[in-house]
Amino acid sequence: MPELPEVEVTRQSFAPAISGALIQDVKVGKPLRWPLGCAASVLVGQRVLAVRRRGKYLLLDLDGGVLLIHLGMSGSLRFTEQVAPMGAHDHFELVTNRGSLRLHDPRRFGAVVFSHTDDSGMAAKLLGKLGVEPLSDQFDPVRFALDLKKRRTAIKQVLLGGDLVVGVGNIYACEALYRAGIRPTARADRIGRLRAGRLHLAIREVLARAVQQGGSTLRDFSSANGESGHFQLEAAVYGRAGQACRVCATPIASLRQGQRSSFFCPKCQRN
DNA sequence: CTATGGACCTGAATGC
DNA sequence: TGCATTCAGGTCCATA
């Protein structure tokens with residue numbers, strides 16, 4: 001579930017509370033996507049200095065390195081002062097003097113990886129090819145339009161790729177394309193400046209709005225304090241196949257692209 | 001180098 | 001009720 005808004009909402013929900021905390025213990029469940037990259041005992045005794053986000057990764061700055069956390073498809077974090085035994089789908093926990101940060105991830109597509117710096121070891125590999133942050137000034141409409149000209153694939157695939165812009169997953173790609181009036185199947189290199197500019201704005205607006213709304217809770221996402229998101233209630237197309245477009249009442253259509261569902265309004269998104 | 005498809009894993013919903 | 005199939009918020013990797 002977690003796309004940029006959910007990851008950012010999660011970050012905001014525990015960053016202030018955990019910053020400065022001393023790691024006292026580390027608990028591990030079943031294996032995640034990648035091994036931790038160090039002995040769990042290496043983390044004990046380190047302090048959490050800050051929590052950053054890069055794309056869909058959370059980066060916990062520690063005294064001696066950085067801990068990358070990715071939520072995969074079904075992951076969520078919880079930061080609480082309560083002590084509870086690890087459940088069947090709890091696969092990682094940092095016990096600190098301020099509370100425990102626990103990763104719950106049934107499908108285990110998520111990951112927790114330790115590296116000494118952002119650009120060394122596994123972190124370098126995972127973060128190295130990421131595109132620009134969509135909510136930063138680095139995301140420039142002119143540059144975006146030029147970059148799209150180099151891609152012959154469907155625009156939806158380009159957005160999901162994450163090597164141009166990060167953070168846009170299946171929900172927000174569909175929503176941004178709807179707002180921009182562009183079909184998910186449109187070839188990226190056929191999108192001109194004007195429409196690229198619209199898409200650029202749509203991406204920023206949708207993501208910012210979703211962060212405001214606490215993200216989307218489709219199944220069981222919640223922030224680290226257990227709060228659900230509300231953006232799914234105002235989604236225009238995602239998950240709405242067959243329902244009326246909120247603007248023109250045309251039934252929302254769906255199709256398959258790269259083994260993922262795309263949703264769009266055939267009338268509002270003409271090409 | 002670019003584009004596509006499979007792989008990873010579990011649970012919920014659907015269909016016969 | 002039971003069992004098989006399909007689908008789900010991501011993204012790495014092998015293959016054309």
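Just so we're on the same page: letters track the sequence lines, and every chain starts at 1.
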side-chain contact (heavy atoms from CB on, under 4.5 Å) between A:Cys174 and A:Lys156: does it pass, once the steps are laid out?
CA-CA 8 Å; A:Cys174 292; A:Lys156 166 97 182 300; 3.9 Å; yes
Atom-pair distance (CG on A:Asp163; P on C:dG10), nearest Å:
15 Å
Whether the side chain of A:Thr96 engages the backbone of A:Gly99 through a donor-acceptor N/O pair (distance < 3.5 Å, no angle test) should be reported.
yes
Counting only N and O atoms by type, is there a donor-acceptor contact under 3.5 Å from the side chain of A:Arg246 to the main-chain atoms of A:Ala235?
yes
Does A:Ser261 place a side-chain N or O at less than 4.0 Å from the phosphate oxygens OP1/OP2 of C:dC7?
no
Atom P, compared across C:dC7 and B:dG5: separation rounded to whole Å:
15 Å
Strictly by modelled atom types, are A:Ser222 and A:Arg78 linked by a side-chain donor-acceptor pair under 3.5 Å?
yes
Looking at A:Pro31, is its backbone amide N or carbonyl O close enough to the side chain of A:Arg108 to form a donor-acceptor pair, meaning the two atoms are under 3.5 Å apart?
yes
Return the value, rounded to whole Å, for the distance between atom CZ of A:Phe221 and atom C1' of C:dA8.
16 Å
For nucleotides 7-11 of chain B, print each protein N/O atom paired with a nucleotide N/O atom at under 3.5 Å, atom names and distance only.
unit_1 : atom_1 : unit_2   : atom_2 : d
B:dC9  : O4'    : A:Arg107 : O      : 3.4
B:dC9  : O3'    : A:Arg108 : NH2    : 2.7
B:dC9  : O2     : A:Arg107 : NE     : 2.9
B:dC9  : N3     : A:Arg107 : NH2    : 3.3
B:dT10 : OP1    : A:Arg108 : NH2    : 2.7
B:dG11 : OP1    : A:His89  : NE2    : 2.9

Rounded to whole Å, how long is the line connecting atom CG of A:Leu218 with atom P of B:dA12?
15 Å
Joint cluster assignment, A:Val206 & A:Val132, ILVMFWY side-chain distance < 4.5 Å
yes
Once you round it to whole Å, what is the distance between P of C:dG10 and CG of A:Leu32?
17 Å
Identify whether any heavy atom of A:Gly169 sits under 4.0 Å from a base atom; if not, whether one sits that close to sugar-phosphate; answer base, sugar-phosphate or nothing.
sugar-phosphate
For A:Asp147, is there any backbone N or O sitting under 3.5 Å from a side-chain donor or acceptor partner on A:Arg143?
no
C:dT6 C1' sits how many Å from A:Arg256 CZ, rounded?
9 Å
Atom pairs, N/O to N/O, protein against nucleotides 13-16 of chain C, distance under 3.5 Å?
unit_1 : atom_1 : unit_2   : atom_2 : d
C:dC13 : OP1    : A:Lys125 : NZ     : 3.1

Can you confirm whether or not the ring centre of A:Tyr238 sits under 6.0 Å from the ring centre of A:Tyr178?
no
Is the A:Tyr57 ring parallel, tilted or perpendicular to the A:His70 ring (thresholds 30°, 60°)?
perpendicular
Looking only at atom P, what distance separates B:dG11 and C:dT11, rounded to whole Å?
22 Å
Closest non-hydrogen atoms of A:Leu207 and A:Pro134, given as atom of the first, atom of the second and distance, are CD1-CG, 3.5 Å
Which whole-number value in Å describes the distance from A:Ile69 CD1 to C:dG10 P?
18 Å
Salt bridge (charged side-chain N to carboxylate O under 4.0 Å, His left out) partners for A:Arg54, two or more places apart:
A:Glu133
Among residues 144-153 of chain A, which residues get a heavy atom nearer than 4.0 Å to DNA chain C?
none
Between the main-chain N or O of A:Pro184 and the side-chain N or O of A:Gln257, is there a donor-acceptor pair closer than 3.5 Å?
yes
C:dG10 OP1/OP2 closer than 4.0 Å to side-chain N/O of A:His70:
no
Gap between atoms CZ and C1', on A:Arg260 and C:dG10 respectively (whole Å):
6 Å
Any idea how A:Phe139 and A:Phe144 line up, ring-wise: parallel (<30°), tilted (30 to 60°), or perpendicular (>60°)?
perpendicular
Short question: side chain of A:Arg33, backbone of A:Phe109 - any donor-acceptor pair under 3.5 Å?
no
Output the rounded distance in Å from CG (A:Leu160) to P (B:dG5).
15 Å
Below 4.0 angstrom, which residues in residues 228-238 of chain A have at least one non-hydrogen atom near DNA chain C?
A:Tyr238
Within the distance-only criterion (no hydrogens, no angle test), does the side chain of A:Arg183 pair as donor or acceptor with the backbone N or O of A:Pro266 below 3.5 angstrom?
yes
What pattern of brackets, bars and dots sums up DNA chain B from 5' to 3', given Watson-Crick or G-U wobble pairs under 3.5 Å, [ ] for crossing pairs and | for another strand?
.|||||||.|||||||
Main chain of A:Phe231, side chain of A:Arg209: is a donor-acceptor contact present, judged purely on distance under 3.5 Å?
no
Counting distance only, does the side-chain N/O of A:Arg11 pair as donor-acceptor with the main-chain N or O of A:Val51 below 3.5 Å?
yes
